[in-house]
Amino acid sequence: MDQVIETDRKDDLSGFINLNFISKNSLSECCAKNIPGYNPERFEPIAIRFYLGKETTVTVFAKDNENHNTNQADAGKIPVKKFKLTADFLTRLLPYIDHCNFTLTTGEYPIDEMEVINK
């Protein structure tokens, strides 16, 4: 991770998260069981956004395999359907997760340049 993330406030943290599912199709299975209108034959989940603030939302972005047109392909865009969900989706997602790991940083120093001295 050579990326340095700039922040205006020292108490802001940014980073990356790794979320590993129990099986290759776990996320798609969870979406099919818990999102109205989600068809696993049509959609392929490719991103999840978690937002915690005034309201807690989970947004699943799924590639729409039926809506491919040349204009989007030429522009390098991937057609996605956005499924905006409430926080209770998180509790239904948890059984599909094997493990999760993330590190947040102020962005002032690259993580690769840190050396743990109290091993």
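Looking at Asp98, its side chain never comes within 3.5 Å of a backbone N or O of Phe21 through a donor-acceptor pair.
Both Phe50 and Ile97 are assigned to one and the same hydrophobic cluster, defined by single-linkage of ILVMFWY side chains at heavy-atom distances under 4.5 Å. Residues Leu27 and Ile46 do not share a hydrophobic cluster, defined by chaining ILVMFWY side chains whose heavy atoms lie under 4.5 Å apart. Residue Leu94 is grouped with residue Val58 when hydrophobic side chains (ILVMFWY) are merged at heavy-atom distances under 4.5 angstrom, including chains of intermediate members.
Contact between Gly15 and Leu104 at its shortest, heavy atoms only, is N-CD2, 4.0 Å. Residues Pro45 and Tyr38 approach most closely at CD-OH, 2.9 Å, considering heavy atoms. Between Leu13 and Thr106, the shortest heavy-atom distance links the atoms CD2-N, 3.5 Å.
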Report all side-chain donor-acceptor pairs from residues 81-93 shorter than 3.5 Å, counting only partners two or more places apart or in another chain.
unit_1, atom_1, unit_2, atom_2, d
Thr86, OG1, Asp88, OD1, 2.1
Asp88, OD2, Arg92, NH1, 2.9
Thr91, OG1, Asp88, O, 2.7
Arg92, NE, Asn34, OD1, 3.0

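Between Cys31 and Ser28 there is no side-chain heavy-atom pair separated by less than 4.5 Å.
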* Could you please spell out the steps behind the side-chain contact (heavy atoms from CB on, under 4.5 Å) verdict for Phe61 and Ile48? => CA-CA 6 Å; Phe61 296 92; Ile48 300 177; over 6 Å; no
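The distance from atom CZ of Phe43 to atom CD1 of Ile35, rounded to the nearest 0.5 Å, is 10.0 Å. Distance check: Ile78 CD1 to Asn65 CG gives 10.5 Å after rounding to the nearest 0.5 Å. Distance CD/Glu113 to CD1/Ile111: 11.0 Å, rounded to 0.5 Å. Between the CD atom in Glu29 and the CD1 atom in Ile22 there is a gap of 9.5 Å [rounded to 0.5 Å].
Counted within 6.0 Å of CZ on Arg49, heavy atoms from surrounding residues, nucleotides or ligands total 12 or fewer; the atom is thus considered open.
Under a 4.5 Å side-chain heavy-atom criterion applied to ILVMFWY residues, the cluster that includes Tyr51 comprises that residue alone.
A search for side chain to side chain contact (heavy atoms under 4.5 Å, CB included) contacts involving Asn18 returns Asn20, not counting sequence neighbours.
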